[in-house]
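Each chain gets a letter, A, B and so on, in the order the sequences are listed, and its residues count up from 1.
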There are 2 protein chains.
Amino acid sequence: MSRRLQDILAKLQERDYKLTPQRQHVVQVLLNHTDKHLSAEEVYGLVKAKNPDIGLATVYRTLELLSELDVLQKLDFGDGRSRYEFADETHHHHHLICLSCGIVEELEEDLLEPLEHRVAESRGFLVTDHQVKFYGYCRACRQKNDA
Amino acid sequence: MSRRLQDILAKLQERDYKLTPQRQHVVQVLLNHTDKHLSAEEVYGLVKAKNPDIGLATVYRTLELLSELDVLQKLDFGDGRSRYEFADETHHHHHLICLSCGIVEELEEDLLEPLEHRVAESRGFLVTDHQVKFYGYCRACRQKNDA
DNA sequence: CTTCCTGCAAAAGATTTGCACACGA
DNA sequence: TCGTGTGCAAATCTTTTGCAGGAAG
């Protein structure tokens, strides 16, 4: 069992949630696809491939639980379903969403901190998190159309 | 009929869309609530109060059409339904979403341009739009809890 | 007239919930 | 054991769609 998986399961135990096989399978699938932004249905399909007895509702309940525990972050890319990625409290990243092919790239940047402080001062609004999405056209689509 | 309404209806005509009363009523309701971020259901309720014969599907179709024409921008605040505001090509603003009471405040800022250029250069990704959401706690909620 | 629009009702798709049973701690 | 967790199916909620009738240009 991987280090990361153990960490997450420990986080569940801390709060008196049980370490059921279903929860482990969901986490494992997410760990195997950290490069993607899986939807509930996709997680369900991947878990089911190896463990056919899991129910879709359980997947939803697990993803919801992990989001509440800040293990996952629930994302919305405007395609009508929620997607999930591991939350990383120390390092925010943002998303580049291609309007042509729909691919979602990640962008490592964190220059919003000064802005967050300014917002706190001028508005009294305490920022605890932010989400940034850039829409546009990815390199591949641009080359295809320029050609 | 207000200037703004005329402009929008003209934009429809330009592209050979008909100026039906239903479309006018939807736009009028949005103009009367520029301070809010109305959902389709809310627009429907407001239009129906004065013009009971409109259908919900028509409201959805009109909001969709206006979004395609860049008259409106479709927003997602994570509450499970889409919300709409007038699009302003020249001046982006972002949203402060309170995790406690759910209120959405607006923030006038546009310091993402330099970042957009950097993304274009380093990734070949042409940014045409962006959306920024800050999550946290608004002044009112903070005072309520500090007290 | 003729094509675009509309209202209604049904369909579709994602997520949630009720409930009886199963199983971790 | 015993309360939490699960699977299944039904319910819910938002949004979309098919279709027959209606109206704008």
Between [N] ([atom2]) and [X] ([atom1]): distance, integer Å:
{"X": "B:Leu9", "N": "C:dC5", "atom1": "CG", "atom2": "P", "value": "13 Å"}
{"X": "B:Arg83", "N": "D:dC13", "atom1": "CZ", "atom2": "C1'", "value": "14 Å"}
{"X": "A:Asp53", "N": "C:dC23", "atom1": "CG", "atom2": "P", "value": "10 Å"}
{"X": "A:Glu14", "N": "C:dA25", "atom1": "CD", "atom2": "P", "value": "15 Å"}
{"X": "A:Asn51", "N": "D:dT6", "atom1": "CG", "atom2": "P", "value": "13 Å"}
{"X": "B:Glu64", "N": "C:dC4", "atom1": "CD", "atom2": "P", "value": "18 Å"}
{"X": "A:Ile54", "N": "D:dC8", "atom1": "CD1", "atom2": "P", "value": "10 Å"}
{"X": "B:Leu56", "N": "C:dA10", "atom1": "CG", "atom2": "C1'", "value": "14 Å"}

Terminal axes of the helix from C:dC1-D:dG25 to C:dA25-D:dT1 (five pairs each): angle between them, nearest 10 degrees:
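About 40°, once rounded to a multiple of 10°.
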Determine whether [X] and [Y] make a side-chain contact, defined as any pair of heavy atoms from C-beta on separated by less than 4.5 Å.
{"X": "B:Leu69", "Y": "B:Tyr17", "value": "yes"}
{"X": "A:Gln13", "Y": "A:Leu9", "value": "no"}
{"X": "A:Val43", "Y": "A:Thr62", "value": "no"}
{"X": "B:Leu99", "Y": "A:Asp129", "value": "no"}
{"X": "B:Leu30", "Y": "B:Leu63", "value": "yes"}

Partners of [X] by side chain to side chain donor-acceptor pair (under 3.5 Å), sequence neighbours excluded?
{"X": "A:Lys48", "value": "A:Tyr44"}
{"X": "B:Tyr60", "value": "none"}
{"X": "B:Lys18", "value": "none"}

With a 3.5 Å cut-off and sequence neighbours excluded, list the donor-acceptor pairs that the side chains of residues 131-141 of chain B form with protein atoms.
from	atom 1	to	atom 2	distance (Å)
B:Lys133	NZ	B:Asp76	O	2.9

On the nucleotide C:dT15, are OP1 or OP2 found under 4.0 Å from the side-chain N or O atoms that A:Ser82 carries?
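True: A:Ser82 side-chain N/O within range (under 4.0 Å) of C:dT15 OP1/OP2.
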side-chain N/O A:Tyr60 vs C:dT15 OP1/OP2, d < 4.0 Å
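Answer yes for this pair, as a side-chain N or O of A:Tyr60 is under 4.0 Å from OP1 or OP2.
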Tell me which residues in residues 71-81 of chain B lie within less than 4.0 Å of DNA chain D, going by non-hydrogen atoms.
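Only B:Gly80, B:Arg81 qualify.
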If a protein heavy atom is under 4.0 Å from the base, mark B; if only from the sugar-phosphate, S; if neither, -; do that for nucleotides 18-25 of chain D going 5' to 3'.
B-----BS
Qualifying side chain to side chain donor-acceptor pair (under 3.5 Å) pairs, either residue in residues 78-87 of chain A, two or more places apart:
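Listed once each, the pairs are A:His37-A:Glu85, A:Glu42-A:Arg83, A:Asp79-A:Arg83, A:Glu85-A:His93, A:Glu85-A:His95.
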For residues 50-59 of chain A, which residue pairs qualify under side chain to side chain donor-acceptor pair (under 3.5 Å), counting only residues two or more places apart or in two chains?
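Passing the test, one end in residues 50-59 of chain A: A:His25-A:Asn51.
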Is there any salt bridge (charged side-chain N to carboxylate O under 4.0 Å, His left out) pair reaching into residues 28-41 of chain A, and which pairs are they, with sequence neighbours excluded?
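Counting only pairs at least two positions apart or across chains, no salt bridge (charged side-chain N to carboxylate O under 4.0 Å, His left out) contact touches residues 28-41 of chain A.
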Separation between CZ of B:Phe77 and CD1 of B:Ile103, rounded to the nearest 0.5 Å:
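CD1 of B:Ile103 is found 11.5 Å from CZ of B:Phe77.
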Once salt bridge (charged side-chain N to carboxylate O under 4.0 Å, His left out) is applied, do any residues pair with B:Glu105, and if so which ones, sequence neighbours excluded?
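For B:Glu105 the salt bridge (charged side-chain N to carboxylate O under 4.0 Å, His left out) partners, ignoring immediate neighbours, are A:Arg123.
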By a strict heavy-atom criterion of less than 4.0 Å, which residues belonging to residues 32-49 of chain B are in contact with DNA chain C?
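Result for residues 32-49 of chain B: none.
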